[in-house]
4 protein chains.
Amino acid sequence: MAGRNENSKRAVLEATSEMLSDATVQQLSIEAIAKRAGVGKTTIYRWWPNKSAVVIDAFMEHHLIHTPIPDDVPVREALVTHVTSLVEQYAGPGGRLVAQLIAESQYDEQILTAFRERFWNGRRAAVLELVKRGVREGELRDDTDAELMVELVYSPVYVRLLLGYRELDREFARAVVDAAFAGIAPATAKTSPGKKRARRITRS
Amino acid sequence: MAGRNENSKRAVLEATSEMLSDATVQQLSIEAIAKRAGVGKTTIYRWWPNKSAVVIDAFMEHHLIHTPIPDDVPVREALVTHVTSLVEQYAGPGGRLVAQLIAESQYDEQILTAFRERFWNGRRAAVLELVKRGVREGELRDDTDAELMVELVYSPVYVRLLLGYRELDREFARAVVDAAFAGIAPATAKTSPGKKRARRITRS
Amino acid sequence: MAGRNENSKRAVLEATSEMLSDATVQQLSIEAIAKRAGVGKTTIYRWWPNKSAVVIDAFMEHHLIHTPIPDDVPVREALVTHVTSLVEQYAGPGGRLVAQLIAESQYDEQILTAFRERFWNGRRAAVLELVKRGVREGELRDDTDAELMVELVYSPVYVRLLLGYRELDREFARAVVDAAFAGIAPATAKTSPGKKRARRITRS
Amino acid sequence: MAGRNENSKRAVLEATSEMLSDATVQQLSIEAIAKRAGVGKTTIYRWWPNKSAVVIDAFMEHHLIHTPIPDDVPVREALVTHVTSLVEQYAGPGGRLVAQLIAESQYDEQILTAFRERFWNGRRAAVLELVKRGVREGELRDDTDAELMVELVYSPVYVRLLLGYRELDREFARAVVDAAFAGIAPATAKTSPGKKRARRITRS
DNA sequence: CGATAAACGAGACGGTACGTCTGGTCTTGTG
DNA sequence: CACAAGACCAGACGTACCGTCTCGTTTATCG
């Protein structure tokens, strides 16, 4: 039995990676990747179901985004650090690629799944951990909805990435984290919201 | 331009609209639209720069999403109503289409612009107005960052739409609005956050 | 309606014709023809069902074989002249091509039909005419089976062409015609063959 | 040493033989043969240079055509018997295969050689023998061109096989042999043809 | 009788070409 | 005389096989 040739795999991912710096995912073609990698098209189709799968793998190998979460500072600051570095990386070429992967996901359930598993879930887990610490150390309310927290913190980043609505910068990162921690109702409000808020924000 | 072409235009948009109920934007082809509309390909290219532009127009004509914002209830409730109806519409077939338009936007600046102008800005303006009212009526702090508010409220909706991370439902709509209004730090906190929060959340 | 572009057609046939001088029909590819002709593959597939059809057309336009049949000499001599010139042309590059067309015919009924109609039937008709004259002028027996005559005269030529069994030359052309006219039984034979022959050779 | 595995060889030929009843030589692929035979492609390439070689071997083993030539009847009748049985076999599925082998021969000199050696030469030798007997026993003229005889008798059969010009049947077999023995000039002719014929028909 | 080297099955590899599809442009005949 | 109809060039799609090339795994002498 033959077994997979690691050289081919590497060549494909490398070629893809290189080409992605000049072209969009849509512009890439399996044919061009194969030619650039010096590999038969069949070899690509043998190991990947489609173009986006190749792109995801290439991205994971060469463009991996590292977003450290310090654990020796208050949770809020740790989050700011984390989101800031995420934002900074998404502001570069890697961001365009991630946006395109999300685009491809709209047409292929498998890409969507892969994207969620390889990008979203990793970060989500880190934030969940962080929230747990925050609760433990009293920095967050006991009934904090951690999952919602994940979405509150990341969603604006992804929307800016996708819609280019406004700049992806550190200011923005801090504002988002602050908002997630604070809310914007008048600090003096003594009305029901105070209580309701706690209830509402908790998700089953 | 001859009167004749209004018919063609309408036929194209109608054909596109019909076909979109069975197919993704990617699956549509100018060729197929032309055939179904009984129109020459040239005619389409004369009036629209590309497929996505046709789709946007078709969507605006036939699938328009209405998300009322009541003005006789507290801002927070008005927002909940608004986001809830948005979420409900995005949970249906219209949502899939919007997601695909965002996807197409990643590959064409013009689509992105069109999308922002026709979808995002409309809602954004409504929310800005609402925030203004909230400030005026004392329901929101004077220094509320209205633009940030827009993002805080909509982003999680779009991210769930695109990543299908969790269900798009009314629970979620309310939770998101509540979060935007509240924040999740301990209610009893007397620390700096109180003041810092105000400063931080304000954007220059 | 658009209507066929004569330039494209000509370019395809010319390219095919040129390439056929260096390559076998099997070695030709639609892709290569399209490239050489500066034409889209689609255009070829639009007008011809397959490679062999293109080759037949190209051959008819550029390599056509002319085999005159004089009508002012005895039928036998006219036939010798005709077969000789056929043989001489088949001995050249045109012969290889005809052989390959017969080969292709084994895999495609349409090619076979086209081949018979465009090559075989033309010659056959000429020989039938000739036989008619021969009978009229008393050079051939009244009951001559003209169709059989066609086969007797051409078959050995085609078999030598295909099997390369022996040289295709003028000697051979004359021998074949003579044989068709003569037979090889002893001239002195007084046996039944004389009569039977007449009956047998006539086909219903 | 491992030694050649006769099982593999047999399996390949058997698989080929079976597949040939449903498919043309062109449609067969080494890959399919290997799979059907439960054999590695390498094994096939080790023992045969190409597809046609496998087909020839398979044909020789399973579809061999037997065409008896009786030696106790006049040569003419013996020939009729022989050609009749040849014609009858070629009218069946074996004929299609032989035609395809001739087709393949146009693209590969080795196939042509193999075909001539294994099919043509055998029959040719038998006919040569027969002609020798005919001359010895006075049934044929001394100067009979035996090689030409071979071609005269077989060519029409092969041409009908390849071009499907008309039916391959016993009528035809007899007509061809008669023609070879007789010629078609008027029986009463006392002119030169009688002598010329003899001269002409003799080949150096 | 156990080592050893061939031939073996499996199947991955770099390639070529297939026939189809769509994109975006150009051409033509018709209503 | 505008426009539907559709032909045009271009080139990617995903598939089928090509002939070569490892891979372990039989096997079947021969040392």
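All of these numbers come straight from a predicted model, not from anything done at the bench. Order of the sequence lines sets the chain letters (A, B, ...), proteins ahead of strands, with each chain counted from 1.
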Does a side-chain N or O of [X] approach OP1 or OP2 of [N] to a distance below 4.0 Å, or not?
X       : N     : result
D:Arg46 : E:dC8 : yes
C:Thr43 : F:dC9 : yes
D:Trp47 : E:dA6 : no

Backbone N/O of A:Arg10 and side chain of A:Asn7: donor-acceptor pair under 3.5 Å: no

Measure from [atom1] on [X] to [atom2] on [N] and round the result to the nearest Å.
X       : N      : atom1 : atom2 : answer
A:Arg10 : E:dC13 : CZ    : P     : 13 Å
D:Ile33 : F:dA16 : CD1   : P     : 17 Å
C:Trp48 : F:dA7  : CH2   : C1'   : 13 Å
B:Asn7  : E:dG31 : CG    : P     : 18 Å
A:Glu6  : F:dT22 : CD    : P     : 17 Å
C:Ile44 : E:dA17 : CD1   : P     : 13 Å
D:Lys35 : F:dC18 : NZ    : C1'   : 15 Å

Position toward the 5' end of DNA chain E (nearest nucleotide), A:Ser8 or D:Gly38: D:Gly38

Pair C:Trp120 + C:Phe115: ring centers closer than 6.0 Å: no

Ring centre gap for A:Tyr158 and A:Tyr90 strictly below 6.0 Å: yes

Per-nucleotide protein contact string for nucleotides 18-23 of chain E, where B marks a base within reach and S marks sugar-phosphate only (heavy atoms under 4.0 Å, - for neither): BBBBBS

Neighbour count >12 (heavy atoms, 6.0 Å) for atom CD, D:Glu109: no

Side chain to side chain contact (heavy atoms under 4.5 Å, CB included) between D:Met60 and D:Phe119, intermediate numbers included: CA-CA 9 Å; D:Met60 298 298 293; D:Phe119 288 76; 3.8 Å; yes

Step-by-step side chain to side chain contact (heavy atoms under 4.5 Å, CB included) determination, A:Val98 to A:Phe59: CA-CA 9 Å; A:Val98 169; A:Phe59 187 71; 3.6 Å; yes

Short N-O contact, B:Lys51 and B:Asp108, less than 4.0 angstrom: no

